[in-house]
Each structure stands twice: as C-alpha cells, then as structure tokens.
Amino acid sequence: MEAISVAVRRGGAIESRHRVHAAAVRDGLVVEAAGDPRLVTFFRSSAKPLQALPLARVRDDLDMAELAIACASHQAEPAQIEAVRGLLAKAPASEEDLECGFDEGRPPERIYHNCSGKHAGFLALCRAQGWETSGYRLPDHPVQQGVARELSAAAGMRAEEIPMATDGCGVVTFALPLETMARAFAQLPGLEGGDLVTEAMRTHPELIGGEGAADTDLMRALPGWTAKRGGEALFCAVSPEGVGIAAKVEDGNPRALRPALARFLDALGVSTGQDFARVGIVNSRGDEVGEVVAE
C-alpha cells in the first residue's frame, strides 16, 4: 500500500494533503503496511506504556487509575490531575519533585504538564528501589537506564543501536522504525508487567488522553485495544489478538491521524466507525466548513 493520503477539504476544494506511513505486526512479522514501514521517527509519548513496565513490576500497591496515569499524556482534566496527585502520594513525593517543567497554556504548576503522570511514576519507582530522585530524567540515572533496556529488549535491538534524544518533558526518547514500534506494541501485553499496564489503560481510557483524544476514543470504540498517541502525530496500539500497529503523519499534523487510522485498520478488517473516518472542520462560530478524510 502506498502512503495514506489524507485530504483537507474546504468549500468542496482540497486545501491541503498529508501523507501517513503505517505498519502492522503480528507474531513478529509485518502483516500490513502503508508508505514506508521502516520510517524512523521518535517514539515520544507512545513509549509511555513501555516506560511504565518497571513501575508495574515493583509497585503492587498502585490502583488501576494510578498506573494508567503513569502511561498518560493528559489534558489536565480534573480526574487526571486527581490521579497524578494520588500517584505522588503513593510514591511518596511532592509536586516540587517533578522534573517535567511547565506546559504552555496551562497553569504554571508542574502537575498540569501533560507528562506529569509519567514523571510521578518515575518518582514512585525511585522510592521503591531506593534511588536518588534528583535527576531521574537524565540518561545516566538508573530509571532511564532501565527504560533503555526495556525499549531495546522490546525492539529486539541493542541499546547502543538506538538513537536517543531529549523529549519535550526532559526525559530520554528513542528513535525507531515504525515496524519496530509496532512489534514492540504487539509484545506489550506479554511482557512482564505488560498485562497490568494494558489492563489499566483499557480500564481508564479517559485518563490516557482525555476528551477528544484519539487514543482515548480508539480504546472506547474498539474494546480490548490498547492505544497511545505520541508527539508529532505518532500513534501506536495493540489489538486483543496481538496485532501491533504504528502510524505516523509525515508532516507531524495530528489532524490526519483519525482518517488514516480508519483507512489502515479497515485494511486489517477492523472498523473504527464514522467518528474516525471523517473529521469535521469547525470555524470560530461553530459552523462546519470542511472535513479531513482519507482519499
């Protein structure tokens, strides 16, 4: 399959187009692809379920909401902030211990950063292991060294083979081909702690993204699926049957993700419904003036 072309239509004319690449993996093999399944991009926040595996293994005192928020890119909705506070209390740690910085357009408190749940999870992991919490986000800290091992094992690569950089919230992020990300997600439920992580995400999809978030909506539309969106329009998920998928909008615009996912999953025999196949464009008056659809 060629790259999925997603068109932005306004007034009956095409205003712009986005190219989307995707890969689906089952039993270690690519079973469907669109565009370049070997396209290398950064895992960004789609890696959070894998980053939460060490936490799930050592903290059996966490409830499903607290484990889910450690995997989230939240929108600072009240239930999400409550879950972060609950995880911090269990750590134990304070909001001042969070090293995620501040999120533009949100209150100037670290807990409102979209990655505060992941950071609270890292603090809870540090407390359980007796590690120093300061600098937990840095590459040479035991937290990030452990995450690197998790990612490399799931990817089937040596850690030194994986390019690393700094994510928006200050922690390490990893660059991998889409098919490798899909393979890692396919394995996720079977990894040690992965059953707890995926169960928590499916139990609380509202915490993972929030109202209108593509990962939250996909998990609601497709029971049994586990999904996580990432920066620059990346999206990863795994089906109940163990099919892992990874999709990336080439230019990083997330508005193309839903129609592209609908088209790609349709090729796998999975229907996401009209809410994904077509995204309406609404102006400041609330009038629908166009649409985003896969061509």
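Only a predicted model underlies this, so the values are computations on that prediction, with no experimental measurement involved.
Considering only heavy atoms from C-beta on, Thr272 comes within 4.5 Å of Leu222 through its side chain. Here the side chains of Val197 and Cys71 are in contact, with some heavy-atom distance below 4.5 Å. Counting heavy atoms from C-beta outward, Gln129 and Val58 have side chains that approach closer than 4.5 Å. Side chains of Pro49 and Met201 form a contact here, defined as non-hydrogen atoms less than 4.5 Å apart. Side-chain contact between Asp195 and Pro189 is absent, with no heavy atoms from C-beta onward closer than 4.5 Å. Residues Thr173 and Thr166 fail the side-chain proximity criterion, which asks for heavy atoms closer than 4.5 Å. Looking at heavy atoms from C-beta onward, Cys126 lies in side-chain contact with His141 at the 4.5 angstrom threshold.
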Test side chain to side chain contact (heavy atoms under 4.5 Å, CB included) applied to His113 and Arg106, step by step: CA-CA 8 Å; His113 192 284; Arg106 298 187 184 183; 5.9 Å; no

Working note: Leu191 + Leu50, criterion side chain to side chain contact (heavy atoms under 4.5 Å, CB included); need CA distance, chi angles, decisive distance, verdict. CA-CA 9 Å; Leu191 298 175; Leu50 292 157; 3.9 Å; yes

* Asked: What's the verdict on side chain to side chain contact (heavy atoms under 4.5 Å, CB included) for Ser16 and Arg255, showing C-alpha distance, side-chain angles and the deciding distance?
  -> CA-CA 12 Å; Ser16 61; Arg255 68 180 175 182; 3.3 Å; yes

One pair to check against side chain to side chain donor-acceptor pair (under 3.5 Å): Ser45 and Lys118. What are the steps and the verdict? CA-CA 9 Å; Ser45 285; Lys118 175 178 70 176; 5.3 Å; no

- Message: Let's go through Glu199 and Arg202 carefully: what are the C-alpha distance in whole Å and the side-chain angles of both, what is the deciding distance for salt bridge (Lys or Arg N to Asp or Glu O under 4.0 Å) to 0.1 Å, and is it a yes or a no?
- Response: CA-CA 5 Å; Glu199 181 186 358; Arg202 293 193 306 269; over 6 Å; no

### Query
Between Glu288 and Arg278, does a salt bridge (Lys or Arg N to Asp or Glu O under 4.0 Å) hold up when you go through it step by step?
CA-CA 12 Å; Glu288 184 169 301; Arg278 179 185 180 276; 2.3 Å; yes

Check against salt bridge (Lys or Arg N to Asp or Glu O under 4.0 Å), Asp167 and Arg44: CA-CA 6 Å; Asp167 210 338; Arg44 303 292 300 276; 2.5 Å; yes

Original post:
Can you list the steps and then say if Phe174 with Val147 is a side chain to side chain contact (heavy atoms under 4.5 Å, CB included)?
Top reply: CA-CA 10 Å; Phe174 307 84; Val147 166; 3.9 Å; yes

Sequence neighbours left out, cut at 3.5 Å: what donor-acceptor pairs do the side chains of residues 262-270 make with other protein atoms?
from   : atom 1 : to     : atom 2 : distance (Å)
Arg263 : NH1    : Glu295 : O      : 2.7
Arg263 : NH2    : Ala294 : O      : 3.3
Arg263 : NH2    : Glu295 : O      : 3.4

Using atom types as modelled, flag every donor-acceptor pair under 3.5 Å from a side chain in residues 22-35 to any protein atom, sequence neighbours excluded.
none

Side chains of residues 82-98: which donor-acceptor pairs under 3.5 Å do they make with residues two or more places apart or in other chains?
from  : atom 1 : to    : atom 2 : distance (Å)
Arg85 : NE     : Glu95 : OE2    : 3.4
Lys90 : NZ     : Asp61 : O      : 2.9
Lys90 : NZ     : Glu66 : OE1    : 2.8
Lys90 : NZ     : Glu66 : OE2    : 3.4
Ser94 : OG     : Glu96 : N      : 3.3
Ser94 : OG     : Glu96 : OE1    : 3.3
Ser94 : OG     : Asp97 : OD2    : 3.2
Asp97 : OD2    : Ser94 : N      : 2.8

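Under the side chain to side chain donor-acceptor pair (under 3.5 Å) criterion, Glu15 pairs with Arg10, sequence neighbours left out. Taking Glu104 as the reference, nothing meets the side chain to side chain donor-acceptor pair (under 3.5 Å) condition, with sequence neighbours excluded.
A 6.0 Å sphere centred on CD of Glu211 holds no more than 12 heavy atoms belonging to other residues, nucleotides or ligands. Around the CD atom of Glu192, the shell of radius 6.0 Å holds no more than 12 heavy atoms that belong to other residues, nucleotides or ligands. Within a 6.0 Å radius of CE in Met164, no more than 12 heavy atoms belonging to other residues, nucleotides or ligands are found.
One distance of note links CG of Leu207 with CD1 of Ile81; it measures 10.5 Å at 0.5 Å rounding. How far CG of Leu257 is from NZ of Lys248: 8.5 Å, rounded to the nearest 0.5 Å. To the nearest 0.5 Å, atom CG of residue Leu62 and atom CD1 of residue Ile69 are 12.5 Å apart. For the atom pair CZ of Arg183 and CE of Met157, the computed distance is 10.5 Å after rounding to the nearest 0.5 Å. Atom OG1 of Thr198 sits about 15.0 Å away from atom NZ of Lys228, to the nearest 0.5 Å. To the nearest 0.5 angstrom, Leu176 atom CG is 10.0 Å from Leu234 atom CG.
Ile14 and Val293 fall into different hydrophobic clusters, defined by Ile, Leu, Val, Met, Phe, Trp and Tyr side-chain heavy atoms under 4.5 Å apart, directly or through other members. Note on Leu218 and Val238: separate hydrophobic clusters, where clusters join Ile, Leu, Val, Met, Phe, Trp and Tyr whose side-chain heavy atoms are under 4.5 Å apart, directly or indirectly. Both Leu151 and Met181 are part of a single hydrophobic cluster, where members link through side-chain heavy atoms under 4.5 Å apart. Met219 is connected to Leu196 through a chain of hydrophobic side-chain contacts under 4.5 Å among Ile, Leu, Val, Met, Phe, Trp and Tyr, so both are in one cluster. A chain of hydrophobic side-chain contacts below 4.5 Å, direct or via other Ile, Leu, Val, Met, Phe, Trp or Tyr residues, connects Val279 to Phe235.
The heavy-atom pair separating Ala246 from Cys236 by the smallest distance is CB-SG, 3.9 Å. When every heavy atom of Pro223 is checked against every heavy atom of Arg220, the shortest pair comes out as CD-O, 4.3 Å. Annotation for Lys48 and Cys115: closest pair NZ-SG, 3.1 Å, computed over non-hydrogen atoms. Closest approach of Gln75 and Ala213 over heavy atoms only: OE1-CB, 3.8 Å. Looking at every heavy atom in both residues, Ala155 comes nearest to Thr180 through CB-CG2, 3.5 Å. Considering every non-hydrogen atom in both Ser46 and Arg229, the closest pair reads OG-C, 3.3 Å.
Applying the ring pair (Phe, Tyr, Trp, His ring centres under 6.0 Å) definition to pairs two or more places apart or across chains, none involves residues 3-49.
Just one of Thr133, Val143, Leu55 meets the side chain to side chain contact (heavy atoms under 4.5 Å, CB included) condition when paired with Phe122; it is Val143. With Leu261 as the partner, the side chain to side chain contact (heavy atoms under 4.5 Å, CB included) test is satisfied by one option alone out of Ile245, Val20, Ile4: Ile245.
Between Arg258 and Asp217, at least one side-chain nitrogen of the basic residue sits less than 4.0 Å from a carboxylate oxygen of the acidic one, meeting the salt-bridge criterion. Taking a cutoff of 4.0 Å between a charged side-chain nitrogen and a carboxylate oxygen, Asp36 and Arg38 do not qualify as a salt bridge. Between Glu250 and Arg17 no salt bridge is recorded (no basic side-chain N to carboxylate O distance below 4.0 Å).
Ser134 and Glu132 form no side-chain donor-acceptor contact under 3.5 Å, judged by distance and modelled atom types alone. A donor-acceptor contact closer than 3.5 angstrom links the side chains of Tyr136 and His119.
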